[in-house]
Amino acid sequence: MGSVMNMQLVALFCLVLLNINTCDGVTPSLEPPLGNSLKLKSRTYEGKYVYQCKNGTLLPVSANAMLVNISDSKISLGNYSFEYSAAEPKLVGTWYLRNDDADAAESGSATSIVAGNEMASKSGSDSGSIKQVVAEASFHKNFGTAYRVSYIQRLNTKGGHPPLNKSKYCSENSPVIVPFEAEFWFYMQDTIPPLAPAGIAVPASDRAVVEGFFCQGIIDYSYDGSQWQRKNMHGKLYLVPGGDEVGSFHMSDKPDGHGGIFSLETYNPNGWQVVGKIIGSPVKVEDDSIPWSLFKITSSSGNVSLVGPFSYYTMVGTKGGVPPVPSSLTKKGASWTGVYSCQFWTYKPCSPPFC
């Protein structure tokens, strides 16, 4: 089941990216979702893109660069690398960030690593420059600077695009090296929830934050003749994008005894499950993303007492999952499936001064 869902996510994510980057000439936002904050700015030093000529076309092979402080090139921050793979067409690259002495001692490694996949892009400064992108973390290794990195922006690009004069540079199987410059900005997932609109604010007596998760999943809709109706929604929970899978989220066909149909579940050894129902009025924060929502917990099971008792959870920092605007060609009973991501934050009751 897990491998099937991963394949669905990859396929659907690519479709969503295609729509984002080509829809009516709209320039996509390169900003990460709310709930993530900028922590580190770097720029490349001695960056190189490598292309190889295959059947008269220059194809990307690899790229590498040293990373330095954006305002002081004498301060080394790590390295960047990219290896093209047909199996990972949206891979932007891998970043090896230097750990400080404390993190290096704790992790046993001088560097921590994060890789990322493209979410959205726009053109570079000119025709000879590689595109600017925002990437979502897809892999982490080692504790340290990169451990909580959630999104990476590649901005202010210069160079790196293959030469236009193919007849001059394209010799079969020969490498072509193109210098490039770029800034890489690293964002980390916040350790507290983003400020929620009033319509989905957790009651003052229940604002003790317990835990937050990143979720990526799939949402299904059916067209009833006048509007799209959500039919199903499920996803996987991670501590941060690209981190270890720690749980799941899903929507049940049948409510529990108190009307709850949306379940958050964490895995063993200290796993728990809470079921909730949407209350209040969900708020659409971004036009291209599903609304932020407040859930009242209606039942729970497992090791809830270790961190709970839970009373509410929120779905915030959403991205994607919105079906297309129906047209005269949209038939009743039509279905649409999309990819979404979000953050879930769980809460429990509290008393002043802890609220």
Side-chain angles (χ1 to χ4, degrees), residues 2-23 26-30 32-33 44 47-65 79-96 113-124 127-141 146 149-155 157 159-164 166 170 173 175-178 180 182 184 186 214 216-218 235-236 238 241-243 245 288 319-321 337-341:
S3 60
V4 172
M5 181 178 171
N6 286 334
M7 292 172 65
Q8 288 177 312
L9 282 170
V10 171
L12 287 166
F13 194 46
C14 289
L15 287 173
V16 169
L17 286 168
L18 286 171
N19 289 335
I20 287 175
N21 295 330
T22 60
C23 180
V26 175
T27 301
S29 170
L30 299 187
T44 58
K48 297 179 178 65
Y49 250 90
V50 180
Y51 296 86
Q52 190 172 46
C53 189
K54 291 285 188 181
N55 300 319
T57 302
L58 286 169
L59 300 176
V61 175
S62 63
N64 62 82
N79 295 278
Y80 163 76
S81 72
F82 164 77
E83 298 287 337
Y84 176 76
S85 169
E88 298 180 283
K90 289 298 176 180
L91 180 68
V92 176
T94 304
W95 295 265
Y96 303 80
I113 303 168
V114 60
N117 292 327
E118 180 184 318
M119 284 182 62
S121 68
K122 63 180 182 180
S123 59
S127 60
S129 299
I130 54 175
K131 61 186 178 182
Q132 302 178 91
V133 304
V134 59
E136 184 176 85
S138 59
F139 170 81
H140 289 272
K141 185 177 181 181
V149 168
S150 48
Y151 295 89
I152 307 100
Q153 292 172 320
R154 183 174 70 192
L155 305 172
T157 56
H161 204 275
L164 297 177
K166 296 178 183 178
C170 198
N173 293 322
V176 175
I177 298 175
V178 184
F180 83 96
F184 289 114
F186 298 91
F214 171 78
Q216 187 175 62
I218 292 171
K236 296 180 178 181
Y238 309 85
E245 183 183 345
D288 63 349
K319 205 72 176 176
T337 300
V339 169
Y340 73 93
S341 66

Point-to-point distance, once rounded to the nearest 0.5 Å, from [atom1] of [X] to [atom2] of [Y]:
X     : Y      : atom1 : atom2 : answer
Thr44 : Asn79  : OG1   : CG    : 11.5 Å
Glu88 : Ser138 : CD    : OG    : 7.0 Å
Asn64 : Thr94  : CG    : OG1   : 12.0 Å

Close side-chain approach of [X] and [Y], heavy atoms under 4.5 Å:
X      : Y      : result
Leu30  : Leu155 : yes
Pro163 : Leu58  : yes
Val61  : Pro175 : no

If we ignore angles and hydrogens, is there a donor and acceptor under 3.5 Å between the side chains of Tyr151 and Glu136?
-> yes
Ring geometry between Phe180 and Tyr49 (parallel below 30°, tilted from 30 to 60°, perpendicular above 60°) | perpendicular
Donor-acceptor under 3.5 Å ([X] side chain, [Y] main chain):
X      : Y      : value
His140 : Ser150 : no
Tyr84  : Ala63  : no
His161 : Val178 : no
Thr57  : Leu59  : no
Ser62  : Val50  : no
Gln132 : Ser123 : yes

Can you give me the closest heavy-atom contact between [X] and [Y], atom names plus distance?
X      : Y      : answer
Arg154 : Lys131 : NH2-O, 2.9 Å
Ala120 : Ser29  : CB-O, 3.8 Å
Ile113 : Tyr96  : CG1-CD2, 3.6 Å
Gly160 : Tyr51  : O-OH, 2.5 Å
Leu91  : Ala115 : CD1-CB, 4.4 Å
Tyr340 : Ile218 : CE2-N, 3.4 Å

Only counting residues at least two apart or in another chain, list the ones meeting side chain to side chain donor-acceptor pair (under 3.5 Å) with [X].
X      : value
Thr157 : none
Ser129 : Ser125, Asp126
Lys54  : Asn173
Gln153 : Tyr187

Mind checking what makes salt bridge (charged side-chain N to carboxylate O under 4.0 Å, His left out) contact with Lys319, not counting sequence neighbours?
-> Glu286
Just jot down the ring-ring contact (aromatic ring centres under 6.0 Å, His included) partners of Tyr80, sequence neighbours excluded, or say none.
-> Trp95, Phe184
